Number of protein chains: 2
Amino acid sequence: MDAVLKAVADPSRRAVLDLLAEGEKSVSDLLSHFTFSQPALSKHLRLLREAGLVVSRPVGRTRVYSLEAAGLRSVAEWVAHYEQFWTDRLDHLGQVLDRMAEEESGHAD
Amino acid sequence: MDAVLKAVADPSRRAVLDLLAEGEKSVSDLLSHFTFSQPALSKHLRLLREAGLVVSRPVGRTRVYSLEAAGLRSVAEWVAHYEQFWTDRLDHLGQVLDRMAEEESGHAD
DNA sequence: TCAACATATAACCAATCGGCTATACGTCAA
DNA sequence: TTGACGTATAGCCGATTGGTTATATGTTGA
């Protein structure tokens with residue numbers, strides 16, 4: 001996950017992911033949305049590839065990139081571990097009480 | 001969100017968050033789990049503070065840090081936008097079909 | 001076959017990063 | 001009040017990062 005989090009920590013790379021979420025795109029397609037150079041984009045794409053967030057295939061003399069969103073799964077799972085901490089505490093208390101009540105009735109044997 | 005993603009891109013800082021998820025801890029408490037120096041930890045804590053992922057309060061001559069997990073909400077929301085792309089396509093197809101079936105029966109007026 | 005095109009890589013540069021040591025600062029205990 | 005403790009900051013260093021220009025590589029069309 002380290003590589004994934006490092007990859008998405010950069011705003012330009014997140015922008016690339018956003019663009020690819022619309023559908024696969026060639027490098028020059030992508031490039032048209034940025035102000036930096038083509039080699040800079042190629043570097044970003046390499047990182048994203050190595051992180052498993054995009055894949056590419058040659059098409060004629062161009063190369064088409066597409067999103068490999070499953071690579072973000074690890075991030076989603078990591079952050080999900082913390083969800084309990086920010087969900088409204090009263091809400092959470094309610095769930096806890098519900099569970100206790102359930103156990104209570106369950107124990108009523 | 002940029003600051004947050006940059007903060008969590010570092011494994012040591014993620015480890016700090018994990019520790020604080022167990023409950024609030026003093027700096028020296030935290031430090032005992034790492035091999036790097038106290039100033040290094042203080043730097044990490046500063047970054048986490050600035051990203052809004054932890055808060056601290058003085059306790060005697062120590063300082064106690066606690067998790068501010070709500071800061072991770074933005075990350076959760078960001079990654080959620082991509083969930084549709086990695087949920088199993090057959091699964092998804094199944095849901096679509098279910099929904100169509102439901103609409104079908106709903107229309108049976 | 002060769003010139004033009006699309007992309008990747010190489011090599012470099014300034015800025016940032018994660019670590020360090022030294023030190024400053026605030027608080028408690030003697 | 002002063003010395004020891006807990007933490008933060010300052011200042012330094014080597015490695016990494018995100019950008020650049022120049023060039024290599026592979027593909028297509030004339």
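Just so we're on the same page: letters track the sequence lines, and every chain starts at 1. No experiment lies behind these values; they were computed from the predicted model shown.
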Residue [X], side-chain heavy atoms: nucleotide from [options] that is nearest:
X      : options                 : result
P39(B) : dT7(D), dT7(C), dT21(C) : dT21(C)
T62(B) : dG19(D), dA8(C), dG6(D) : dG6(D)
R63(A) : dT7(C), dT27(D), dT7(D) : dT7(C)
S26(B) : dT7(C), dG18(D), dT7(D) : dT7(D)

Would you say the base of dA6(C) and the side-chain of Q38(A) have a donor-acceptor pair closer than 3.5 Å?
->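 There is none.
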
Under 4.0 Å from OP1 or OP2 of [N]: is there any side-chain N or O of [X] that close?
X      : N       : answer
S37(B) : dC20(C) : yes
S28(B) : dT7(D)  : yes
R13(A) : dG18(D) : yes
H44(A) : dT17(D) : no

Extract all donor-acceptor atom pairs below 3.5 Å that involve side chains of residues 3-12 of chain B and protein atoms in other chains or at least two apart in sequence.
residue, atom, partner, partner atom, Å
K6(B), NZ, D2(B), OD2, 3.3
D10(B), OD2, S12(B), N, 3.0
D10(B), OD2, R13(B), N, 3.1

Nearest-0.5 Å distance, CG of residue L72(A) to CD of residue E83(B) =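 If we round to the nearest 0.5 Å, L72(A):CG and E83(B):CD are 10.0 Å apart.
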
What nucleic acid atoms does Y65(A) come within less than 4.0 Å of, heavy atoms only: base, sugar-phosphate, or nothing?
->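 Sugar-phosphate contact only.
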
Classify the nucleic acid contact of A40(B) as base, sugar-phosphate or nothing, counting any heavy atom under 4.0 Å across all strands shown.
->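 Sugar-phosphate contact only - A40(B) comes under 4.0 Å of backbone atoms but never of a base.
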
For L41(B) and dC20(C), give me the distance from atom CG to atom C1', rounded to whole Å.
->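 So the CG-C1' distance, L41(B) to dC20(C), works out to 14 Å.
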
Shortest non-hydrogen contact from L45(A) toward V54(A) =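 Heavy atoms only, the tightest pair is O-CG2, 4.1 Å.
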
Which atom pair, heavy atoms only, marks the closest approach of S56(A) to R49(A)?
->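 Heavy atoms only, the tightest pair is OG-CD, 4.3 Å.
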
5' priority, DNA chain C, between K43(B) and S42(A) [closest heavy atom] =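 Mapping each residue to its closest nucleotide by heavy atoms, the 5'-most match is S42(A).
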
